[in-house]
Number of protein chains: 2
Amino acid sequence: MNGAPQIRIVLDGPTPIYRQVVDQIRTLCVDGGLKAGHSMPSVRQLAANLGVHFNTIAEAYRTLAVEGWLEVKQGRSVFVSERREPRQPTRAAAAQHSSRLRHQVAELRANGFSPEWIRHEIESALGGPE
Amino acid sequence: MNGAPQIRIVLDGPTPIYRQVVDQIRTLCVDGGLKAGHSMPSVRQLAANLGVHFNTIAEAYRTLAVEGWLEVKQGRSVFVSERREPRQPTRAAAAQHSSRLRHQVAELRANGFSPEWIRHEIESALGGPE
DNA sequence: GTCTACTGTATGCTTACTCTATACAGTGAA
DNA sequence: TTCACTGTATAGAGTAAGCATACAGTAGAC
């Protein structure tokens with residue numbers, strides 16, 4: 001393992017822990033914070049750091065492996081995969097994600113966040129690592 | 001009831017039905033598609049339209065009532081509330097929503113959506129109803 | 001007033017999911 | 001081969017979503 005990724009989870013939140021881990025590692029991969037060939041901490045190490053069971057981390061790693069972000073093999077440590085080009089999204093996927101974004105924006109506006117704040121956050125997220 | 005709101009749900013998706021209903025009605029309220037005083041369909045009517053149990057809709061209405069979007073009273077139909085000004089979001093809420101947006105953007109990019117597409121969708125969502 | 005037909009509410013059940021505990025199996029260096 | 005480390009598989013407890021059903025409030029017709 002060369003450098004543990006910075007992952008933070010909320011234990012009692014509405015989002016499942018394994019999904020939080022998946023989201024954060026995927027974000028790191030997309031942003032370049034985790035490059036291909038990087039070796040990940042073992043399921044037990046990361047689980048101990050986060051204070052959860054290692055099966056929860058194993059589930060997250062498996063999900064990321066299915067998505068193509070990690071290479072997982074029994075008995076060996078886990079590595080970040082070579083970046084494969086994402087396929088062109090389908091029209092149905094676009095519609096689904098569009099609707100999800102729209103609802104999230106509505107929720108943000110309902111909670112008092114300004115359009116400027118939302119634009120700034122989006123630009124910041126599109127800009128790359130931190 | 002004066003004009004049923006256009007609501008569509010995905011039955012076998014990862015998002016709970018009652019949450020889909022909450023999200024969509026909240027979006028309609030924010031976008032102006034549902035104005036204060038508008039009477040909503042009864043829990044049984046909307047449930048029949050969507051092909052789900054009326055308790056699922058009742059749960060959604062209750063959630064929206066807690067958030068201040070609907071006025072719910074036993075025995076009477078449900079009305080859209082007067083718009084109250086949202087409170088200034090807390091710093092913690094901002095951090096949480098910021099992180100959520102960042103992960104969602106990363107997931108979109110991982111799925112092949114271009115920054116331009118994302119910006120366009122955000123602008124469209126910020127622009128108002130449809 | 002009192003029916004009646006409509007509202008939303010409350011409770012218990014089934015199912016699926018999340019997380020954990022524990023036993024198992026593969027890998028590679030000493 | 002042995003040993004200490006990997007990830008995997010399966011079963012269980014706890015929780016949440018959705019549904020069935022019985023309940024209680026409201027308001028118009030009579």
Side-chain angles (χ1 to χ4, degrees), chain A residues 1-5 7-25 37-81 103, chain B residues 1-5 7-25 37-81 103:
Chain A
M1 172 177 93
N2 38 7
I7 296 181
R8 288 170 190 283
I9 57 170
V10 180
L11 286 175
D12 53 351
T15 315
I17 295 168
Y18 88 95
R19 181 166 285 281
Q20 293 182 51
V21 174
V22 167
D23 283 345
Q24 293 191 44
I25 293 178
H38 185 107
S39 84
M40 300 292 292
S42 76
V43 293
R44 278 164 242 253
Q45 276 179 315
L46 184 50
N49 283 352
L50 299 179
V52 299
H53 195 272
F54 65 81
N55 267 356
T56 304
I57 305 301
E59 176 64 25
Y61 278 5
R62 240 166 305 177
T63 302
L64 287 161
V66 169
E67 289 187 11
W69 295 107
L70 298 183
E71 277 174 31
V72 179
K73 231 179 206 171
Q74 187 170 350
R76 300 191 45 200
S77 53
V78 173
F79 293 89
V80 178
S81 296
H103 295 144
Chain B
M1 171 177 93
N2 38 8
I7 295 181
R8 288 170 190 282
I9 57 169
V10 180
L11 285 176
D12 53 351
T15 315
I17 296 168
Y18 87 95
R19 179 165 288 280
Q20 294 181 52
V21 175
V22 167
D23 283 344
Q24 294 191 45
I25 293 178
H38 185 108
S39 83
M40 299 293 291
S42 77
V43 292
R44 277 164 243 253
Q45 276 179 315
L46 183 51
N49 283 353
L50 299 178
V52 299
H53 196 271
F54 65 81
N55 267 355
T56 304
I57 305 301
E59 176 64 25
Y61 277 5
R62 240 167 304 177
T63 303
L64 286 160
V66 168
E67 289 186 12
W69 295 107
L70 298 183
E71 278 174 31
V72 179
K73 231 179 206 171
Q74 187 170 352
R76 300 191 45 201
S77 53
V78 173
F79 293 90
V80 177
S81 295
H103 295 145

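Protein chains get the first letters and strands the later ones, always in sequence-line order, with residue 1 at the start of each.
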Asker: For a 4.0 angstrom threshold against heavy atoms of chain A, report the outermost contacting nucleotides of DNA chain D in 5' to 3' order.
Answerer: D/dT6 to D/dT10
Asker: Could you check how far NE2 of B/His53 sits from C1' of C/dT14, rounded to whole Å?
Answerer: 13 Å
Asker: In whole angstroms, how far is the C1' atom of C/dT18 from the CG atom of A/Leu11?
Answerer: 13 Å
Asker: Starting from P on C/dG26, measure out to NZ on A/Lys73 and report it in whole angstrom.
Answerer: 14 Å
Asker: Name the nucleic acid region contacted by A/Phe54, choosing base, sugar-phosphate or nothing; use a 4.0 angstrom heavy-atom cut-off, strictly under.
Answerer: base
Asker: Return the value, rounded to whole Å, for the distance between atom CG of B/Asp12 and atom P of C/dC17.
Answerer: 11 Å
Asker: At under 4.0 Å, does any side-chain N or O of B/Ser77 touch on OP1 or OP2 of C/dC6?
Answerer: no
Asker: Looking at every heavy atom in both B/Thr15 and B/Gln20, which two are closest together, and how far apart are they?
Answerer: O-NE2, 2.9 Å
Asker: Between P on C/dT9 and CD on B/Glu59, what's the gap in Å once rounded to a whole number?
Answerer: 10 Å
Asker: To check you understand the geometry: which heavy-atom pair defines the closest contact between A/Gln24 and A/Ile7, and what is its length?
Answerer: OE1-CA, 3.6 Å
Asker: Between C1' on C/dG26 and CZ on A/Arg44, what's the gap in Å once rounded to a whole number?
Answerer: 12 Å
Asker: Is any side-chain nitrogen or oxygen of B/Ser42 closer than 4.0 Å to OP1 or OP2 of C/dT7?
Answerer: yes
Asker: Taking all atoms of both residues into account, what is the closest heavy-atom pair of A/Pro41 and A/Gln45, and its distance?
Answerer: CA-OE1, 3.8 Å
Asker: Which distance, rounded to the nearest 0.5 Å, do you find between the NE2 of A/His38 and the OG of A/Ser81?
Answerer: 13.0 Å
Asker: Closer to the 5' end of DNA chain C via nearest nucleotide, is it A/Tyr18 or A/Gln74?
Answerer: A/Tyr18
Asker: Determine the sole option in B/Val80, B/Leu64, B/Val72, B/Ile57 for which the side-chain contact (heavy atoms from CB on, under 4.5 Å) test with B/Met40 is passed.
Answerer: B/Val80
Asker: Got a second to check how far B/Asn55's CG is from B/Tyr18's OH, nearest 0.5 Å?
Answerer: 13.5 Å
Asker: What is the distance from CZ of B/Arg62 to P of C/dT7, rounded to the nearest Å?
Answerer: 16 Å
Asker: Which whole-number value in Å describes the distance from A/Ile9 CD1 to C/dT18 C1'?
Answerer: 13 Å
Asker: Where is the tightest heavy-atom contact between B/Phe79 and B/Gly37, given as atom of each residue plus distance?
Answerer: CD2-O, 3.3 Å
